[in-house]
S.K.: 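Have a look at this one before I ask anything.
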Protein chains: 2
Amino acid sequence: MIETPATAPSLEDPDMAHDPLRPLPLPSVRRLPLYLRYLKEVEAEGRESVSCTHIAEHLNLGSIQVRKDLALTDIVGRPKIGFETRALIEAIETFLGWNNTQEAFLVGVGSLGHALLGYGGFDEFGLSIVAAFDVAADKVGTKVHSKEVLPMEMFADLVQRMHINIGVLTVPAAAAQSVADLMVKSGMRAIWNFTPVKLTAPDTIVVEDVRMAASFAVLAKRLSDLLKRH
Amino acid sequence: MIETPATAPSLEDPDMAHDPLRPLPLPSVRRLPLYLRYLKEVEAEGRESVSCTHIAEHLNLGSIQVRKDLALTDIVGRPKIGFETRALIEAIETFLGWNNTQEAFLVGVGSLGHALLGYGGFDEFGLSIVAAFDVAADKVGTKVHSKEVLPMEMFADLVQRMHINIGVLTVPAAAAQSVADLMVKSGMRAIWNFTPVKLTAPDTIVVEDVRMAASFAVLAKRLSDLLKRH
DNA sequence: TAGATTGTTAATCGATTAACAATC
DNA sequence: TAGATTGTTAATCGATTAACAATC
């Protein structure tokens with residue numbers, strides 16, 4: 001069913017995983033949440049269909065790019081009309097797997113971890129951080145934004161018993177690799193890494209880095225050139 | 001020396017801005033902080049030189065890619081030896097403009113803003129958040145991580161008087177565009193945008209988005225495919 | 001109908017990777 | 001010297017953009 005030989009295309013299957021033979025265009029995947037956000041606005045305004053031209057204009061992108069990106073989800077539109085807003089939202093959410101919520105554990109209740117525990121927007125991503133863990137005895141036992149902070153000793157066991165797939169990593173850099181190792185050993189399948197450390201993990205594990213420094217590097221370089229040019 | 005285009009190349013100038021005619025390869029710029037971080041480790045270990053092969057191995061990248069990226073900074077290495085660690089660190093910092101610290105104002109002291117005010121790692125980026133602003137009367141007048149929270153009314157005036165170039169935007173989505181407008185109007189040159197909103201700004205203003213949702217989209221898609229494949 | 005929009009195929013552009021001479 | 005590494009030029013790969021027929 002997943003297999004798509006050059007000749008016969010696979011049958012329609014709404015639950016089909018992204019064909020692993022077809023490469024996943026990451027820049028496109030990264031733009032999907034942008035579309036999703038805007039589409040929800042459009043839906044809230046009560047507009048039942050929307051065109052790529054329209055989306056592109058709003059987000060300051062090329063309309064062809066938007067169309068290509070949306071095509072990833074296998075949705076089909078109607079010439080002259082565009083796409084049905086609701087169907088498009090669902091297509092993107094299904095493609096990203098955001099429609100069935102994944103539970104996650106967060107490790108490292110520093111200021112960033114604290115902020116993420118309090119962030120209300122994750123349910124939009126199908127992400128629910130259900131508990132936090134920390135080594136610090138004075139944090140353990142407290143609640144942060146109504147989520148319990150548990151001792152590291154309980155981590156592996158709870159991951160297994162609750163079948164938690166996602167670990168959110170917000171520990172200090174020095175602890176990052178060893179906590180990541182623990183996450184892998186405990187049976188987690190994905191690590192959302194907020195530390196600046198390049199983690200080593202088996203390639204069966206999904207590791208995604210939030211590289212704030214990378215983002216700031218672009219800002220700083222551009223600003224620095226701007227200021228030099230007066 | 002660097003190149004000889006049809007038109008006259010600029011003279012050698014160590015403080016020269018990145019040639020605006022030469023496009024800026026963003027993926028490379030985004031990797032530079034990764035190198036920087038590792039190079040500081042190398043330096044701390046007392047090793048005076050380091051090769052691309054070595055860096056690449058540590059970061060799990062291709063050595064040719066690392067060499068190309070480093071070449072952006074115009075540093076020259078020595079065959080068989082590699083690069084002098086200290087010189088390479090300085091070359092990257094100079095290239096990114098991280099060696100002379102920029103002051104910044106943060107607007108929006110929610111949980112994320114709070115976290116960023118407490119983050120100690122920004123001086124490594126040449127970034128210093130010197131004050132915060134918020135509309136909420138109960139936050140104004142307090143100190144967060146020893147930084148004062150000031151009322152929005154003081155914003156424009158202080159930006160001008162203190163010549164603050166960078167605005168860190170951590171307000172709720174609904175307020176993002178209007179605060180960005182204020183930043184621009186006040187004379188700021190760059191906005192580091194942590195909101196999910198696609199901002200509109202004159203193209204003389206540097207806008208850099210930290211797109212957490214984009215990062216999570218990649219994680220979610222990969223995890224979702226992984227789980228479907230069993 | 002005419003015009004706007006989709007979906008697809010082709011062309012372009014830029015980034016990554018490979019190849020290789022120069023060199024310490 | 002021999003081998004490792006740099007710097008540069010060429011080849012490959014992938015993403016973006018353009019072109020255009022199909023269609024509502």
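A note on names: the letters A, B, ... follow the listed sequences, proteins ahead of strands, and every chain is numbered from 1.
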S.K.: Give the minimum heavy-atom separation between Ala104(A) and Ile164(A), together with the two atoms involved.
M.R.: CA-CG2, 3.7 Å

S.K.: Heavy-atom nearest nucleotide on DNA chain D for Val50(B) versus Ile81(A): which residue maps closer to 5'?
M.R.: Val50(B)

S.K.: What does dC24(D) pair with, Watson-Crick or G-U, if both distances are under 3.5 Å?
M.R.: dG3(C)

S.K.: How close or far is atom C1' of dT5(D) from atom CD1 of Ile55(B), stated in whole angstroms?
M.R.: 12 Å

S.K.: Side chains of Arg189(B) and His163(B): do they bring a donor and an acceptor to under 3.5 Å?
M.R.: no

S.K.: Can you tabulate the close N/O pairs, meaning under 3.5 Å, that link protein atoms to atoms of nucleotides 13-19 of chain D?
M.R.:
residue, atom, partner, partner atom, Å
dT16(D), OP1, Arg31(A), NH1, 3.1
dT16(D), OP2, Arg31(A), NH2, 3.0
dT16(D), O5', Gln65(A), NE2, 3.3
dT17(D), O4, Lys68(A), NZ, 3.2

S.K.: Given atom NZ of Lys80(A) and atom P of dC24(D), what is their separation to the nearest angstrom?
M.R.: 13 Å

S.K.: How close or far is atom P of dT8(C) from atom CG of Asp74(A), stated in whole angstroms?
M.R.: 10 Å

S.K.: For Arg78(A) and dC24(D), give me the distance from atom CZ to atom C1', rounded to whole Å.
M.R.: 8 Å

S.K.: Please verify the inter-ring angle class for His58(B) with Tyr38(B); under 30° counts as parallel, over 60° as perpendicular, anything in between as tilted.
M.R.: parallel

S.K.: Tell which nucleotide pairs with dT17(C), taking only Watson-Crick or G-U wobble pairs whose two distances are both under 3.5 angstrom.
M.R.: dA10(D)

S.K.: What nucleotide among dG7(D), dT23(D), dG3(D) has an atom nearest to a side-chain atom of Pro79(A)?
M.R.: dT23(D)

S.K.: For Leu226(A) and Thr204(B), work out which heavy atoms get closest and say how close.
M.R.: CD2-O, 3.7 Å

S.K.: Can you confirm whether more than 12 heavy atoms, excluding those of Glu41(A), are under 6.0 Å from its CD atom?
M.R.: yes

S.K.: Between Ile75(A) (CD1) and dG7(C) (P), how many Å, whole number?
M.R.: 9 Å

S.K.: Could you check which of dT5(D), dG7(D), dT5(C) has an atom nearest any side-chain atom of Thr53(B)?
M.R.: dT5(D)

S.K.: Using the rule given for side chain to side chain donor-acceptor pair (under 3.5 Å), can you reason through Gln65(A) versus Asp69(A), listing the C-alpha separation, both sets of side-chain angles and the distance that settles it, and then say yes or no?
M.R.: CA-CA 6 Å; Gln65(A) 184 172 64; Asp69(A) 289 346; 5.3 Å; no

S.K.: Would you kindly check if the NZ (Lys) or CZ (Arg) of Lys221(A) is within the cone defined by 45 degrees around the ring axis of Phe95(B) and under 6.0 Å from the six-membered ring centre?
M.R.: yes

S.K.: For Leu88(B) and dT5(D), what is the distance between atoms CG and P respectively, to the nearest whole Å?
M.R.: 15 Å

S.K.: Please state how far atom CG in Leu70(B) lies from atom P in dT5(D), giving the value in whole angstrom units.
M.R.: 14 Å

